[in-house]
Amino acid sequence: MFCPLVCLWPLLSCLPSPMPPILPPPTPCAADSTPRPAGDAVPHRNQKPPTHRQRCRITTSSSSSPLSAARVLIANDPTPRAFSALFKAASSSSPSPSLGSQLHAQAVVRGFLGDGDNTILSTAVLNFYASCREPDLARRVFDRMARRNAVTWNALIKGYAQAGRRDEALALFRCMRRQGGVAPDKYTFPALLSGIGRNHGGGCVQELGGAVHAQVVKSGLDKDPFVGASLVSMYAATGALEDVKVVFDDVDTLDPVVWSSMISAYINCKEEEAALLTFYKMLCQDIKPRQFVYSSLFAICGSMSMLEMGRQVHAHSLKNITDKDAAMTNALLTMYSDCGCIDDAWRVFESNDIVDVISYNSMILALGQHAQPKEAAELFRQIKFSGLIPDEVTLLNLLSAFNHAGLVHEGLHLFDSMLDIEGIKPTYQHYACVIDMLARSGEIEESMKTIKEMPFEAETSLWRIVLGACSKHGDIETGMKIAEMLFEMEPYEPTNYILLGNICARLGRWAEAEKVRSLMEKRGIDGDDAFSWIEMGQTTHKFGVDDRSHPISEEIYRNLDRLIGSIKAAGYVPDTNFATHSTEKDRREESLRYHCEKLAFAFGDLASPSGDTLRIMKNLRVCGDCHSAYKYFSLVTGRKIVLRDNHRFHHFYNGACSCGDYW
DNA sequence: CTAGGGTTAG
């Protein structure tokens, strides 16, 4: 039995939460990317020509690449069987279409695909093209075949499904029995379902899913773990958690993959606690977890900022996983970053010997969120030396690092050179990031201009970003215009009202602020309640605004009052511009005093040894007055404080914040 | 000759 994670914090009961990460001492990135042996050249030389058996074996031998195996094979009078094996080998690891078509040509030249019974070899060729995401080429092979068996159909269905061509995959599925006279088997359903729902949400998928599920039951395959796992993820993609559970209950539960798809299903449906409990149940059944499960668990712990749980899961993975895995390691890196531990994230990155682009992307993202744009840029520079190629996410993450830090120049420069230098065409998200950057830095006009000029239609979320910038810079005219537009497009989105109200409040136009508020009330709209939380050992403590529900609430308030006394003595002045909710001046200061992030700090300060770093999370953007108070908190208590809001991390130390007050 | 689950991005 695997160590059960301290019994998974008796039943949990955790928190919802938003996004990203934190902090500090720049380890000049020594990412000594392991240079890989150049190319897949040079076949291993055998002194004697290989025997027939050797020829078959050589094609699947894992020690030589498909290309070198192919060279040896072609030089040695291959048989059709050997060709099949070679196609199989070529399909598995990042298939190269050109190698495939050369082999295909060789097979044709040798007459292996001419006529007669070549079903197996043709299917191997077909499967090769399907694996290359070239279902149309696979289809051409398919159409020329004299005979097709279930394997042939399954391979082609998989080809279309994985290329995201759901309708064609389904059409083939229907033809299979009717025209092909072949019944679907336990390979068919996973092939069909693997592509459905994933990229294509939407209602029709759900109906189709139900119909396919019915076929599964009819075929008596509902116990099969492969079929079950694919059904689980199909239903999860549509959010149909009830159906997921039905499938899970039917299926043979000794299979680890079924468990990991169940865990992912809960994550997809935003049931993180259930996902953790499922992991626990899995351990209780003595099922050994694999890398996949840990990636999912790290993602949960990160997104919910459960550092202690994350550490335990990490330790657990070290005991149970011996092979390193890029995806798992990347998830681990992100988990530490999301929990506010940027130096642990660094450690994971630097000790990782299976770095891929996503590793770099994740680390660049983390650095950006933790206000270390220089390090992010340096890492970007290093990608080239590692033999990896930056992708659009890389560029986006680096842009966003510049954005967080207000490095508008660098950001614009990068954006302008994306296409020419990196060969990556800016997507909507790149534009959105740049527009955000311009607006937040005060270039609101310029950002509006960019919105008009970009080759995409702006979504409401982008307008909301600009509205937020108007609020920050007190541009009430533009703000009003955008707000009115947004009120029409999405009349029930609370953020729009709140942002406009904030503009008025910041400019001291209290009557108008009040008007916005009453409009909101009239329409029955509620903003999200703000809350903050802090983890102490295995317990998470959550605070709302003016919250007195904590068991030691009295002490917390007393400590906060004391702290505010000392920070005032140190120079802190409450910024009542952030008190948007009441109109009388002295009440405004009071309303700031017990903001949830201040309560969480006061608690953390009480509950942990002095000098400890405190990590505090907030579900919404951190309030400006609290940001200022936190700087003084770090000064008077000598603590490091990491504050995560829904956007980024702030690291407070010695009276200053890592964001340099730009946020 | 065919199959299921995971990681970055707002």
Side-chain angles (χ1 to χ4, degrees), chain A residues 18-20 80-81 83-88 91 118-128 130-131 141 148-159 161-162 184-194 221 224-234 236 251 255-265 267-268 289-299 302 325-335 337-338 356-366 368-369 391-400 427-430 432-433 436 459 461-462 464-465 646-647:
Chain A
M19 340 202 26
R81 270 200 85 80
F83 260 105
S84 304
L86 188 53
F87 275 109
K88 179 184 172 153
S91 308
N118 53 24
T119 310
I120 291 179
L121 178 54
S122 297
T123 300
V125 177
L126 185 162
N127 184 55
F128 175 83
S131 306
V141 177
R148 306 168 184 113
N149 57 24
V151 180
T152 319
W153 284 92
N154 293 342
L156 188 61
I157 289 173
K158 181 195 76 172
Q162 290 189 343
D185 61 14
K186 61 182 179 177
Y187 289 81
T188 313
F189 292 100
L192 177 65
L193 292 174
S194 64
L221 293 168
D224 183 89
F226 281 79
V227 176
S230 56
L231 278 174
V232 163
S233 54
M234 183 270 296
V251 90
D255 185 297
V257 178
V258 175
W259 285 89
S260 61
S261 40
M262 193 62 205
I263 289 169
S264 309
I267 296 175
N268 266 322
R290 306 201 213 156
Q291 291 101 327
F292 280 80
V293 182
Y294 289 111
S295 328
S296 304
L297 294 173
F298 291 145
D325 178 290
M328 188 181 98
T329 314
N330 296 339
L332 179 65
L333 184 168
T334 300
M335 186 271 284
S337 170
D338 281 352
D356 62 7
V357 188
I358 296 185
S359 314
Y360 277 95
N361 293 356
S362 308
M363 197 63 225
I364 289 173
L365 174 71
Q369 289 170 328
D391 63 13
E392 24 187 70
V393 179
T394 320
L395 277 284
L396 183 61
N397 293 358
L398 185 56
L399 263 183
S400 130
T427 67
Y428 175 80
Q429 293 180 324
H430 295 99
C433 188
D436 183 14
E459 291 168 18
S461 57
L462 185 53
R464 232 180 290 133
I465 285 171
N646 58 357
H647 205 50

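First the proteins, then the strands, lettered A, B, ... as listed; each starts at 1.
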Looking only at the side chain of A:A124 (C-beta and beyond, no hydrogens), which of the listed nucleotides B:dT8, B:dG4, B:dC1 gets closest? B:dC1
Per A:K158 side chain, nearest of listed nucleotides B:dC1, B:dT8, B:dT2: B:dT2
Quick one: is A:K186 getting a side-chain N or O under 4.0 Å of the B:dG4 phosphate, OP1 or OP2? no
B:dG5 P sits how many Å from A:L231 CG, rounded? 11 Å
From the list B:dG6, B:dG10, B:dC1, which nucleotide is the closest neighbour of the side chain of A:S400? B:dG10
Strictly by modelled atom types, are A:N149 and A:T119 linked by a side-chain donor-acceptor pair under 3.5 Å? no
Nearest-neighbour nucleotide for the A:L396 side chain, B:dG4, B:dT2, B:dA9 considered: B:dA9
Would you mind telling me which of B:dA9, B:dG4, B:dT8 lies closest to the side-chain atoms of A:T334? B:dT8
What is the distance from CD1 of A:I157 to P of B:dA3, rounded to the nearest Å? 12 Å
Does B:dT8 have its OP1 or OP2 closer than 4.0 Å to a side-chain nitrogen or oxygen of A:Q369? no
Roughly how far, to the nearest 0.5 Å, is the CE atom of A:M363 from the CG atom of A:N397? 11.5 Å
Distance check needed: B:dA9 P versus A:Q429 CD, whole Å only. 10 Å
Whole-Å distance, A:H430 NE2 to B:dT8 P, equals 17 Å
Between B:dG6 (P) and A:D356 (CG): distance, integer Å: 16 Å
Donor-acceptor pair, side chain of A:S261 and main chain of A:V257, under 3.5 angstrom: yes
Can you name the salt bridge (charged side-chain N to carboxylate O under 4.0 Å, His left out) partners of A:D436, sequence neighbours left out? A:R440
Of all the nucleotides listed (B:dA9, B:dC1, B:dT7), which has the minimum atom distance to the side chain of A:A327? B:dT7
Donor-acceptor pair present, A:Q291 side chain and B:dG6 base, under 3.5 Å: no
Answer yes or no: side-chain N or O of A:D325 and base N or O of B:dG6 forming a donor-acceptor pair under 3.5 Å. yes
Would you mind telling me which of B:dG6, B:dC1, B:dG4 lies closest to the side-chain atoms of A:S295? B:dG6
At under 4.0 Å between heavy atoms, what does A:S260 touch on the DNA or RNA strands: base, sugar-phosphate, or nothing? base
Looking at every strand, decide which applies to A:S362 at a 4.0 Å heavy-atom threshold: base, sugar-phosphate, or nothing. sugar-phosphate
Within this structure, what is the CE-to-C1' distance between A:M262 and B:dG6, rounded to whole angstrom? 16 Å
Base, sugar-phosphate alone, or nothing: which one does A:V258 contact when heavy atoms must sit under 4.0 Å apart? base
Looking just at side-chain N and O atoms, do A:N127 and A:K88 make a donor-acceptor pair shorter than 3.5 Å? no
Determine: side-chain N/O of A:N127 to OP1/OP2 of B:dT2, distance under 4.0 Å, yes or no. yes
With the side chain defined as heavy atoms from C-beta on, A:A331 is closest, among B:dG5, B:dT7, B:dA9, to B:dT7
Tell me: CZ of A:F128 to C1' of B:dT2, nearest whole Å? 16 Å
Those residues that, when tested against A:R148, pass salt bridge (charged side-chain N to carboxylate O under 4.0 Å, His left out) (two or more places apart): none
Go through B:dC1, B:dG4, B:dG6 for me and flag the one nearest to the A:P190 side chain. B:dG4
Go through B:dA9, B:dT8, B:dC1 for me and flag the one nearest to the A:R81 side chain. B:dC1
Is it the case that B:dG4 (base atoms only) and A:D255 (side chain only) share a donor and an acceptor within less than 3.5 Å, ignoring hydrogens and angles? yes
Measure the spacing between CG of A:D224 and NZ of A:K186 and express it to the nearest 0.5 Å. 6.0 Å
Distance in angstrom units between A:I465 CD1 and B:dA9 P, rounded: 15 Å
